[in-house]
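Report on the structure given below.
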Amino acid sequence: MMNKLHVKKGDTVVVLSGKDKGKKGKVLEVSPKEQKVIIEGINMMTKHVKPRRQGEAGGIVQAEGAMYACKVNAVCPKCGKATRLAHKIDEKGNKTRVCKHCNAEY
């Protein structure tokens, strides 16, 4: 099983399917082993939090849930379109991610 993902922490992505389809957000966390990502403001879940210290309040908290990385596509910072990433190797042998629409580097 490959443990590589097409998105990295800090990328802006658009959701392709599910309840948040079409929404854009920033990737907060990437888990290559599980093939999942956590996106800011997307896939919000309610979580019951117990007070840990005396005087601390517990309650119900909203938090981002993980979703499969195959359900998201990277958004090009230059043209603003959702795109599959291409890879370009320069003369030094460095590999860079490139937008398939406008050839802008990430």
Side-chain angles (χ1 to χ4, degrees):
M1 183 176 160
M2 264 180 54
N3 288 336
K4 279 189 177 181
L5 293 179
H6 62 285
V7 289
K8 293 181 180 180
K9 184 178 177 179
D11 284 352
T12 303
V13 294
V14 65
V15 180
L16 300 175
S17 64
K19 66 180 181 181
D20 294 318
K21 182 179 178 176
K23 291 184 182 177
K24 289 183 183 179
K26 184 179 168 187
V27 177
L28 299 175
E29 211 174 304
V30 177
S31 178
K33 189 175 180 183
E34 296 174 330
Q35 298 283 309
K36 290 187 176 186
V37 291
I38 295 177
I39 306 163
E40 186 177 33
I42 307 287
N43 198 24
M44 298 303 284
M45 304 286 177
T46 53
K47 189 175 174 183
H48 294 265
V49 178
K50 195 173 184 179
R52 293 289 167 203
R53 295 187 200 103
Q54 193 173 7
E56 188 178 292
I60 300 171
V61 178
Q62 291 275 73
E64 290 97 353
M67 65 186 314
Y68 283 105
C70 62
K71 291 188 170 198
V72 299
N73 234 344
V75 175
C76 176
K78 186 178 175 188
C79 65
K81 293 181 182 177
T83 180
R84 291 177 66 188
L85 299 172
H87 291 88
K88 190 178 185 180
I89 300 171
D90 62 3
E91 56 276 344
K92 293 179 185 175
N94 297 328
K95 193 175 185 181
T96 56
R97 302 184 306 160
V98 178
C99 172
K100 284 201 174 185
H101 297 287
C102 65
N103 289 327
E105 291 185 8
Y106 279 71

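Here, residue 1 is the first one in the sequence, and each next residue gets the next number. Not measured: the values here are computed from a predicted model. Atom set for the values below is all heavy atoms of this structure, side chains included, hydrogens, waters and symmetry mates excluded.
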Nearest atoms (heavy-atom pairs only) where [X] meets [Y]:
| X | Y | result |
| --- | --- | --- |
| Lys47 | Ala63 | CD-CB, 4.5 Å |
| Val13 | Ala74 | CG1-CA, 4.1 Å |
| Glu56 | Pro51 | O-CB, 3.1 Å |
| Cys99 | Thr83 | SG-CG2, 4.0 Å |
| Pro32 | Asn3 | CB-O, 3.3 Å |
| His101 | Ala82 | NE2-O, 3.5 Å |

If Ile, Leu, Val, Met, Phe, Trp and Tyr residues are connected whenever their side-chain heavy atoms lie under 4.5 Å apart, and connections chain through other members, are [X] and [Y] in the same group?
| X | Y | value |
| --- | --- | --- |
| Val27 | Met67 | yes |
| Val15 | Val7 | yes |
| Leu5 | Val14 | no |
| Val72 | Val75 | no |

Polar side-chain atom of Arg97 near backbone of His6 as donor-acceptor pair, under 3.5 Å: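 It does hold such a pair.
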
Main-chain N/O of Glu64 paired with Asn43 side-chain donor or acceptor, under 3.5 Å: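 A pair under 3.5 Å: no.
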
Tyr106, OH atom: more than 12 neighbouring heavy atoms under 6.0 Å: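 Counting neighbours around OH of Tyr106, more than 12 heavy atoms of other residues, nucleotides or ligands fall under 6.0 Å, so yes.
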
How many angstroms lie between [atom1] in [X] and [atom2] in [Y], if you round to the nearest 0.5 Å?
| X | Y | atom1 | atom2 | value |
| --- | --- | --- | --- | --- |
| Lys36 | Glu29 | NZ | CD | 12.5 Å |
| Leu16 | Lys71 | CG | NZ | 10.0 Å |
| Ile42 | Lys19 | CD1 | NZ | 10.0 Å |
| Thr12 | Ile39 | OG1 | CD1 | 10.5 Å |
| Gln62 | Thr46 | CD | OG1 | 6.0 Å |
| Ile38 | Lys9 | CD1 | NZ | 10.5 Å |

Heavy-atom side-chain contact between His87 and Thr96 under 4.5 Å: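 Side-chain contact under 4.5 Å: no.
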
